[in-house]
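Everything below concerns the one structure shown next.
Predicted model only: the values in this text are computed from it and were never measured.
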Amino acid sequence: MTVEDADTDKAGARQGVQVIARAAAVLRTLKEAPGGMSLGQIAERVELPRSTVQRIVQALQEERLVITSGTAGGVRLGPELHALARAARYNIVDQLRPLLQELMEDTGETVDLSVLRGGRMIFLDQVQGTHRLRAVSSVGEVFPVTSTANGRACLALLSDSEARKMAENEWERLDQEPDWPRLSKALNIARATGFAEDHDDHTDGISALGFAFTDVVGDLHSVSVPIPSPRFGQQKTAVMAALQRLRTDLLRVLGS
């Protein structure tokens, strides 16, 4: 291989990386618009020429990563991307199950893995604790975001405006009295400490600790430990230390 050939290969590699980065930017933009966006709107958001966006979208359409939306000339995320996202979520359960099991063995408490989806926390996995009195939920069960440790942990990773909008939507949906000042204080504590808490806020007699993280496809997840409130005080320090160890291992497993 000549020096000229090597330079050509390097230039091609750089161009390939740039195309992937631009395609990813388009997909992330469409993620925030479930109803779809026009090419012009996408171009404005990703700060690229409309012609460039059109070429990228055409390539993504061929792979079914985006599809035409109901709006004239608009596109939205396609079924193939949703299939890949589902595969990644199921994979994360497999990846994290050993860590959740280890945390349970360290503390004896139940450990939950959940994902933020549609403004709600959906339970993906659970390792039940060994105590006779323990908290148990079902995989697939849906919990609110404003009154749970796992939900608050995810909200704490959002901006205040995003968190408040999601919270207000939930309060309206559940016909609950809004209390943003109280929730905002809880989120600020979670941001400062890295852990969100719930003291009998969702279920009488159950308190919880949890932290949130972003997976490889950008979804927010949470690992939380629900504890019967009578022993929460004595368990809190040990559980928080175990969660911190798990978070370190989790980031290593996810390659973050």
Side-chain angles (χ1 to χ4, degrees), residues 28-37 76-77 81-82 85-86 88-90 92-93 96 100 110-126 135-215 217-229 232 236 239-240 243 247:
R28 291 193 185 98
T29 297
L30 289 174
K31 176 185 173 184
E32 305 303 321
M37 300 177 70
R76 60 184 175 86
L77 295 181
L81 191 63
H82 290 303
R86 285 196 299 271
R89 288 198 292 277
Y90 289 130
I92 203 170
V93 172
L96 299 191
L100 304 186
T110 295
V111 184
D112 296 319
L113 173 66
S114 55
V115 62
L116 177 64
R117 183 72 69 239
R120 301 164 173 84
M121 299 305 301
I122 302 175
F123 279 70
L124 300 179
D125 196 16
Q126 181 180 82
V136 177
S137 301
S138 301
V139 172
E141 191 168 352
V142 179
F143 276 22
V145 294
T146 58
S147 58
T148 59
N150 53 358
R152 290 171 178 174
C154 287
L155 289 178
L157 293 188
L158 302 176
S159 67
D160 265 356
S161 60
E162 292 173 313
R164 183 165 187 170
K165 181 178 180 181
M166 190 173 294
E168 289 176 343
N169 287 340
E170 177 172 282
W171 288 325
E172 182 178 2
R173 184 177 70 250
L174 300 179
D175 194 24
Q176 295 176 341
E177 188 69 26
D179 193 349
W180 173 248
R182 181 172 180 269
L183 179 59
S184 179
K185 181 179 179 180
L187 298 186
N188 286 335
I189 292 174
R191 290 168 181 144
T193 64
F195 297 97
E197 300 187 27
D198 153 23
H199 301 280
D200 301 293
D201 295 311
H202 177 254
T203 303
D204 287 340
I206 299 294
S207 297
L209 279 169
F211 70 87
F213 63 95
T214 305
D215 71 2
V217 296
D219 288 334
L220 285 176
H221 290 74
S222 177
V223 174
S224 55
V225 178
I227 305 169
S229 297
F232 181 79
K236 179 178 177 179
V239 169
M240 189 174 290
L243 280 170
R247 176 159 50 191

Compare every heavy atom of Ala149 with every heavy atom of Asp198, then report the nearest pair and how far apart it is. CB-N, 3.5 Å
Under the side chain to side chain donor-acceptor pair (under 3.5 Å) test, residues paired with Glu197 that sit two or more places apart: His199, Lys236
Rounded to the nearest 0.5 Å, the CD1 atom of Ile122 sits from the OG atom of Ser114 at a distance of 9.5 Å
Determine whether a donor-acceptor pair (N or O, by modelled atom type, separation under 3.5 Å) exists between the side chain of Glu170 and the backbone of Pro144. no
Calculate, to the nearest 0.5 Å, the distance between atoms CG and OG1 belonging to Leu155 and Thr148 respectively. 8.0 Å
Restricting to pairs with a member in residues 183-196, which pass salt bridge (charged side-chain N to carboxylate O under 4.0 Å, His left out), not counting sequence neighbours? Asp160-Arg191
Within this structure, what is the OG-CD distance for the pair Ser147 and Gln176, rounded to the nearest 0.5 Å? 6.5 Å
Run the side chain to side chain donor-acceptor pair (under 3.5 Å) test against Glu162 and tell me which residues pass, sequence neighbours left out. Ser159
Apply salt bridge (charged side-chain N to carboxylate O under 4.0 Å, His left out) to Arg120 and list each qualifying residue two or more places apart in sequence or on a separate chain. none
Here the gap from Ser222 atom OG to Met121 atom CE, rounded to the nearest 0.5 Å, amounts to 5.0 Å
Between Leu220 and Leu157, which heavy-atom pair has the shortest distance, and what is it? CD2-CD1, 3.6 Å
Tell me, yes or no, whether the heavy-atom count around Arg28 atom CZ, taken from other residues, nucleotides or ligands under 6.0 Å, exceeds 12. no
Distance from Arg164 atom CZ to Leu158 atom CG, nearest 0.5 Å? 14.5 Å
For a side-chain contact (heavy atoms from CB on, under 4.5 Å) check, start with the C-alpha distance between Trp180 and Leu187, then their side-chain angles and the critical distance, and finish with the verdict. CA-CA 10 Å; Trp180 173 248; Leu187 298 186; 4.1 Å; yes
With a 4.5 Å cut-off on side-chain heavy atoms, are Trp171 and Leu183 touching? yes
Quick check: do Leu209 and Phe232 have side-chain heavy atoms less than 4.5 Å from each other? yes
Step-by-step side-chain contact (heavy atoms from CB on, under 4.5 Å) determination, Asp112 to Asn150: CA-CA 9 Å; Asp112 296 319; Asn150 53 358; 5.6 Å; no
Is the ring pair His221/Phe213 parallel, tilted or perpendicular, if the boundaries are 30 and 60 degrees? parallel
May I have the step-by-step check of side-chain contact (heavy atoms from CB on, under 4.5 Å) for Leu113 and Leu100, ending in yes or no? CA-CA 8 Å; Leu113 173 66; Leu100 304 186; 3.9 Å; yes
Value rounded to 0.5 Å, distance of CG in Leu124 from CZ in Arg117: 8.5 Å
Where at least one partner belongs to residues 148-157, residue pairs that pass salt bridge (charged side-chain N to carboxylate O under 4.0 Å, His left out), sequence neighbours excluded: Arg152-Asp201
Sequence neighbours excluded, the answer for side chain to side chain donor-acceptor pair (under 3.5 Å) partners of Ser229 is Asp200, Ser207
